Amino acid sequence: MNDRWTDVRARTALRRIFDAAIASADPRITIADALPAKPKGRCIVVGAGKASAAMAAGLDAAWPDVALSGVVVTRHGHSVPAGRIEVLEASHPVPDDTSRTAALRMLRAVEGLSADDLVIALMSGGGSALMTLPASPMTLADKQAVNRALLASGATIAEMNVVRKHLSAIKGGRLALAARPARVTTLVISDIPGDDPAAIASGPSLPDSSTKAAALEIVGRFAIDLPEAARLVLEQADETPKPGEIDADVRILAAPFHALDAAASAARDEGLTPIILGDAIEGEARELGTVMAGIARSVARNAQPGPAPAVLLSGGETTVTIGRGPAGHGGRNTEFLLGLAVALSGASDIWAVAGDSDGIDGTEDAAGALIGPDTLRRAAANLLDARAHLAAHDSYTFFDRLGDLVRTGPTLTNVNDIRAVLIAAGQPPTR
């Protein structure tokens, strides 16, 4: 292969790596091998998340001979036909009335089942917002306020879900309780650092090891302003069902590490040495950009943790903590990339892509973006101040004006963020 890395070649390679990671997590391909034994009776399908419609479509196609019915809910724009399984669309990341309707429909669907029946719960990232049933005396408006406060708090996704479980009438195992005595199998696509199935979509069909006390500690630590009804639920409501109280047959269809493994294979095809840094990296997005810049420079200067040409691969979910001032447009992946570009300060022979595997970074219409050695120079030519946009959490606007956003549309899966930093050439070590 030609050893010369041009801007076009580097950007093309990064898109191929990113696309390979997403393709590896397509539930319509992976679901057939994960299905349980077919039931003697009926199979009721319920589910929530950005990948739930595609999961349902794969299940419907795999079991044409089973008496199958049910309902799943996905994000607006992420729906595909799922045969005998009804697909609803709701709002994300802040729930709407359809989110509440979907939760009620699922609880009704699992009522009155027998031990010969099977419930298959299809859970993926985003399910917490898409399937919302506030515990009494909370209202939907209360739950929406809680979600907004959580998203702006700086809490990790796992911490957010601890709070959500204890404010819900369906999450944290309560759906599984309603399905008794039917057998329940949970199929998940993980977007959670560490792949804890009970944290995905806040675990409606799985036992919950967290406690109300833990939820209250998180609320206090992040100074989250809860509506009075929500605080009352955390202080007085019953605990969620714990391990041992309900069964937990759970199977993972796809996870962040599987996606990184596919990305590594694609990188080798491009003549790059893949260096997987981890699939569960968390922290402030912009600060991770600074860290990744340091690792990229180490590869270029010292061939550590590997020699160039190489690509640093990582997954997980960072956070963006919004201060009291007004914020612009952007998500955690574009904020990571803007922080990386500022830290690299135009370093030669380094490019990067980062994006959310579901195709939507935050609330915008792009999965993420690309940067290269000329990003800051082109920004200056377009009168864009990278540091000012970073301070204003306005990374989407920055990359949109440069034409560097990555738009995939809804991918119908969700294994969290995929980051790839390409270092094309080494440099003489400094003494």
Side-chain angles (χ1 to χ4, degrees), residues 25-28 30-31 34-36 43-60 70-75 78-79 82 85-90 92-93 95 99 102-103 105-107 109-110 118-133 157-158 160-162 164-165 168-179 182-210 240-241 246-256 258 317 357-358 411-416:
D26 188 335
R28 291 165 294 188
T30 61
I31 197 168
L35 293 174
C43 178
I44 305 300
V45 181
V46 293
K50 299 171 189 175
S52 66
M55 296 168 81
L59 173 53
D60 179 75
V71 59
V72 301
V73 61
T74 191
R75 181 177 181 164
H78 291 241
S79 177
I85 304 164
E86 184 180 0
V87 179
L88 303 177
E89 291 187 337
H92 183 278
S99 307
R105 291 276 305 277
M106 288 180 212
L107 285 175
V110 302
L118 170 68
V119 174
I120 296 185
L122 306 175
M123 298 297 159
S124 59
S128 287
L130 295 166
M131 178 184 56
T132 296
L133 190 59
I157 186 64
M160 291 184 203
N161 283 347
V162 169
R164 288 165 169 163
K165 286 181 184 184
S168 175
I170 191 171
K171 295 167 185 165
R174 291 186 172 97
L175 177 65
L177 281 180
R183 179 164 51 108
V184 178
T185 292
T186 303
L187 304 180
V188 302
I189 292 183
S190 173
D191 69 331
I192 297 290
D195 299 329
D196 176 9
I200 298 161
S202 298
S205 56
L206 296 170
D208 176 34
S209 60
S210 70
T240 50
I246 53 176
D247 294 331
D249 177 17
V250 59
R251 301 148 192 239
I252 296 179
L253 304 184
H258 300 147
E317 184 168 323
S357 59
D358 69 3
T411 63
L412 308 182
T413 192
N414 185 21
V415 287
N416 225 315

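Basis for what follows: all heavy atoms, side chains included, without hydrogens, waters or symmetry-related copies. Since the model is a prediction, treat every value here as computed from it, not as a measurement.
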Considering residues at least two apart in sequence or located in another chain, which fulfil the side chain to side chain contact (heavy atoms under 4.5 Å, CB included) criterion with [X]?
| X | answer |
| --- | --- |
| Asp196 | Ala198, Ala199 |
| Ala53 | Thr74, Val80, Val87 |
| Ser210 | Val162, Lys165, His166, Asp208 |
| Ala56 | Val72, Ala82, Ile85, Leu122 |

Which residues share a salt bridge (Lys or Arg N to Asp or Glu O under 4.0 Å) with [X], sequence neighbours left out:
| X | answer |
| --- | --- |
| Asp60 | Arg84 |
| Glu89 | none |
| Lys50 | Asp358 |

Point to revise | Candidate pair Ile192 and Asn416, rule side chain to side chain contact (heavy atoms under 4.5 Å, CB included), full reasoning | key: CA-CA 7 Å; Ile192 297 290; Asn416 225 315; 5.9 Å; no

Exercise for review: Please say which of Val188, Ile189, Leu206, Val250 ends up in a side-chain contact (heavy atoms from CB on, under 4.5 Å) with Met123.
Suggested key: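 Only one option passes, and that is Val188.
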
**Study point:** Of Ile120, Asp26, Leu59, the residue whose pairing with Ile31 passes side-chain contact (heavy atoms from CB on, under 4.5 Å)
**Key:**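 Going through Ile120, Asp26, Leu59 one by one, the side-chain contact (heavy atoms from CB on, under 4.5 Å) with Ile31 is satisfied by Leu59 alone.
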
What are the two closest heavy atoms between [X] and [Y], and how far apart are they?
| X | Y | result |
| --- | --- | --- |
| Glu317 | Asp191 | OE1-O, 4.1 Å |
| Pro27 | Leu253 | CB-CD1, 4.5 Å |
| Asn161 | Ser202 | OD1-OG, 3.2 Å |
| Met106 | Ala48 | CE-CB, 4.5 Å |
| Ser190 | Pro256 | O-CD, 3.2 Å |
| Gly172 | Thr240 | O-CB, 3.5 Å |

Review point. Nearest 0.5 Å, what's the OG-CD1 distance between Ser205 and Ile246?
Key: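 One gets 7.5 Å once the value is rounded to the nearest 0.5 Å.
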
Set of side chain to side chain donor-acceptor pair (under 3.5 Å) partners for [X], sequence neighbours left out:
| X | result |
| --- | --- |
| Thr413 | none |
| Ser99 | Asp96 |
| Thr185 | Asp249 |
| Arg183 | none |

Check your understanding: Tell me, which pairs form a side-chain hydrogen bond (donor to acceptor under 3.5 Å, both in side chains) where one or both residues lie in residues 170-179, sequence neighbours left out?
Key ->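 Of all non-adjacent pairs touching residues 170-179, none passes side-chain hydrogen bond (donor to acceptor under 3.5 Å, both in side chains).
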
Indicate yes or no for a side-chain donor-acceptor contact from [X] to the backbone of [Y] under 3.5 Å, with no hydrogens or angles considered.
| X | Y | answer |
| --- | --- | --- |
| Arg251 | Ala34 | yes |
| Thr132 | Pro95 | no |
| His78 | Arg75 | no |

Exercise for review: Start with the C-alpha gap between Arg105 and Glu86, add the side-chain angles, then the distance that decides, and say whether side chain to side chain contact (heavy atoms under 4.5 Å, CB included) holds.
Suggested key: CA-CA 11 Å; Arg105 291 276 305 277; Glu86 184 180 0; 2.3 Å; yes

Check your understanding: Is any side-chain heavy atom of Val119 closer than 4.5 Å to a side-chain heavy atom of Leu175?
Key ->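 Not touching, per the 4.5 Å side-chain cut-off.
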
**Study point:** Sub-4.5 Å side-chain heavy-atom contact between Val415 and His258
**Key:**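 No - every pair of side-chain heavy atoms lies 4.5 Å or more apart.
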
Check your understanding: Would you say the side chains of Ser124 and Ser52 form a donor-acceptor pair under 3.5 Å?
Key ->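 No pair is found: no donor N or O on one side chain lies under 3.5 Å from an acceptor on the other.
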
Practice item. Report the C-alpha separation of Leu118 and Ile44 in whole Å, then their side-chain angles, then the decisive distance to 0.1 Å, and conclude whether the side chain to side chain contact (heavy atoms under 4.5 Å, CB included) test is met. Key: CA-CA 6 Å; Leu118 170 68; Ile44 305 300; over 6 Å; no

